[in-house]
Amino acid sequence: MGDFFVYEITQSQYHALMKFVACIEYNGTAYCGWQRLSHAPSVQEEVEKALSKVANQPIEVTCAGRTDSGVHALGQVVHFETEVERPLKSWMFGTNTNLPDDIAVLWVKEGSDDFNARFSARLRRYRYVILNRKARSALLRQQVSWVYDPLDAAAMHNAAQALIGEHDFSSFQASSCQSRHANREISEVNVSRDGDYIYIDIAANAFLHHMVRNIVGSLVMVGKGAWEVSFMEELLALKDRKKAGPTARACGLYFVHVHYPSVYQMPDEYRLPVF
C-alpha cells in the first residue's frame, strides 16, 4: 500500500519535458562572452536567470555557438527543456522583462525532440565590421573595430577566396582552442566596402576559437598592402599561427545567423548590423 501510494504521487506530479527554441540578440561589451563563468558576468547566465524567473524553476540553455568576451550577436540560437507550460509570447516577453537592456529575446518557438541548437546547425554566419577612416568613432567605439590606415577592400576580398572550402585552419586557431582538430569548411567569405565601413562576412559549418578574428587580422595586413594577396593561401599551407596576422578586436565581430535543416522550420532571418 505504501509503495503504491508513493507511486501514485510520483505519477500525478509528472509532466513531459517540452523543448523550446529561442533566438537571442546581445551587445557583448559588458560580458566575458556567452559561456557562464563563476568569476565574471556572461550572457548565458543572464538568459538562464531570466528564463528561470518565467518558469519559476531553474532553466539551462544550450547555444548554437559560444562567443568571446566583447563579441556581439544578432541571431544566437538556444534551446532549453522544461516541464513548465507557458504560452510562447510569455516566454518571450516575460524573459525580456527580466533581461538587462543589452540582451533581448527575438523569438521563441516549440522545438522537436531531436533538435539541438549546437549539433543540428549546418551553417553559422559571422560579420566583422571595420570603420576605416582617419578619425575614430565616438559613438560606435564598442560596436565596430577601427583601422586608421587606408584598406583595399577588393584586395582583401580576393585574398579571402583562398579560404573557401575544407581546410586545416591551424594558422588561424587560437592557442587556447580546445577543438580536437583544425579542419573546418568555409562556404562563403565576402569583403565589401560601404563608405567608411568594411564588412567581412564569413559562413562556415563551424569555427575555431578566434578563427574569424585571426582571419580578419591577416586580411587587414593584405588590405594595408603589407602582404600580397596570395599570402592567405600560403598561410593555410603553413599551418602556423605565428605566421598569421594579429587577432582583430572583439568589438567588431557579430554572430549573425545560424542555418538549420528545413525540417526544423526555423525562422530563417538573415539579420545584419546597420551603421
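Since we're looking at a predicted model, the values are computed, not measured. Note that the numbering runs from 1 along the sequence shown for the chain.
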Strictly below 4.0 Å, N to O, side chains only: are [X] and [Y] in salt-bridge contact?
{"X": "K243", "Y": "E234", "result": "no"}
{"X": "D168", "Y": "R184", "result": "no"}
{"X": "K19", "Y": "E110", "result": "no"}

Pairs touching residues 211-250 that satisfy ring-ring contact (aromatic ring centres under 6.0 Å, His included), sequence neighbours left out: W227-F231
For residues 132-170, the ring-ring contact (aromatic ring centres under 6.0 Å, His included) pairs (sequence neighbours left out) are H167-F169
Between [X] and [Y], what is the shortest heavy-atom contact and its length?
{"X": "Q35", "Y": "C32", "value": "O-SG, 3.9 Å"}
{"X": "D114", "Y": "S112", "value": "OD1-OG, 2.8 Å"}
{"X": "M221", "Y": "G245", "value": "CG-CA, 4.4 Å"}
{"X": "C63", "Y": "A117", "value": "C-CB, 3.9 Å"}
{"X": "A160", "Y": "V189", "value": "O-CG1, 3.2 Å"}

Taking the side chain as C-beta and beyond, is there a heavy-atom pair between [X] and [Y] under 4.5 Å?
{"X": "V21", "Y": "M266", "result": "yes"}
{"X": "V84", "Y": "R86", "result": "yes"}
{"X": "D102", "Y": "T29", "result": "no"}
{"X": "I215", "Y": "I186", "result": "yes"}
{"X": "L140", "Y": "L131", "result": "no"}
{"X": "I59", "Y": "E81", "result": "no"}
{"X": "P100", "Y": "Y31", "result": "yes"}
{"X": "Q143", "Y": "C251", "result": "no"}

May I ask you to check whether over 12 heavy atoms, not counting those of [X], lie within 6.0 Å of atom [atom1]?
{"X": "K109", "atom1": "NZ", "result": "yes"}
{"X": "N56", "atom1": "CG", "result": "no"}
{"X": "E228", "atom1": "CD", "result": "no"}
{"X": "D240", "atom1": "CG", "result": "yes"}
{"X": "R118", "atom1": "CZ", "result": "no"}
{"X": "Q265", "atom1": "CD", "result": "no"}
{"X": "E233", "atom1": "CD", "result": "no"}
{"X": "R136", "atom1": "CZ", "result": "no"}

Verify, without hydrogens or angle tests, whether [X] (side chain) and [Y] (backbone) share a donor-acceptor contact under 3.5 angstrom.
{"X": "S170", "Y": "K239", "value": "no"}
{"X": "E166", "Y": "E185", "value": "no"}
{"X": "E48", "Y": "V61", "value": "yes"}
{"X": "R193", "Y": "G195", "value": "yes"}
{"X": "D68", "Y": "V71", "value": "no"}
{"X": "R133", "Y": "A135", "value": "yes"}
{"X": "D194", "Y": "Y197", "value": "no"}
{"X": "T95", "Y": "A50", "value": "no"}
{"X": "H259", "Y": "L123", "value": "no"}
{"X": "S69", "Y": "G33", "value": "no"}

Does the separation of the ring centres of Y254 and Y126 fall below 6.0 angstrom? no
Linking I/L/V/M/F/W/Y whenever their side-chain heavy atoms sit closer than 4.5 Å, directly or via other members, would [X] and [Y] fall into one cluster?
{"X": "V78", "Y": "L37", "result": "no"}
{"X": "W107", "Y": "F20", "result": "no"}
{"X": "V54", "Y": "V43", "result": "yes"}
{"X": "L99", "Y": "L106", "result": "no"}

Side chains of [X] and [Y]: do they bring a donor and an acceptor to under 3.5 Å?
{"X": "R213", "Y": "S218", "answer": "no"}
{"X": "T247", "Y": "N214", "answer": "yes"}
{"X": "Y26", "Y": "T67", "answer": "yes"}

Report the residue from V216, V220, V191 that forms a side-chain contact (heavy atoms from CB on, under 4.5 Å) with Y128. V216
Report the C-alpha separation of S171 and R241 in whole Å, then their side-chain angles, then the decisive distance to 0.1 Å, and conclude whether the side-chain contact (heavy atoms from CB on, under 4.5 Å) test is met. CA-CA 4 Å; S171 290; R241 173 68 189 96; 5.8 Å; no
I'd like to know whether R127 forms a side-chain contact (heavy atoms from CB on, under 4.5 Å) with Y199, so could you lay out the CA-CA distance, the side-chain angles of the two residues, the decisive distance to 0.1 Å, and finally the verdict. CA-CA 7 Å; R127 166 169 275 198; Y199 301 103; 3.3 Å; yes
Taken in chain and number order and not counting sequence neighbours, the residues that satisfy side chain to side chain contact (heavy atoms under 4.5 Å, CB included) with A64 are Q76, V77, F255, V258, Y260
Would you please name every residue forming a side chain to side chain contact (heavy atoms under 4.5 Å, CB included) with A159, sequence neighbours left out? L219, V222, V229, M232
Taking side-chain hydrogen bond (donor to acceptor under 3.5 Å, both in side chains) as the test, write out the residues that go with E46, two or more places apart. none
Test ring-ring contact (aromatic ring centres under 6.0 Å, His included) applied to F93 - qualifying residues, sequence neighbours left out: none
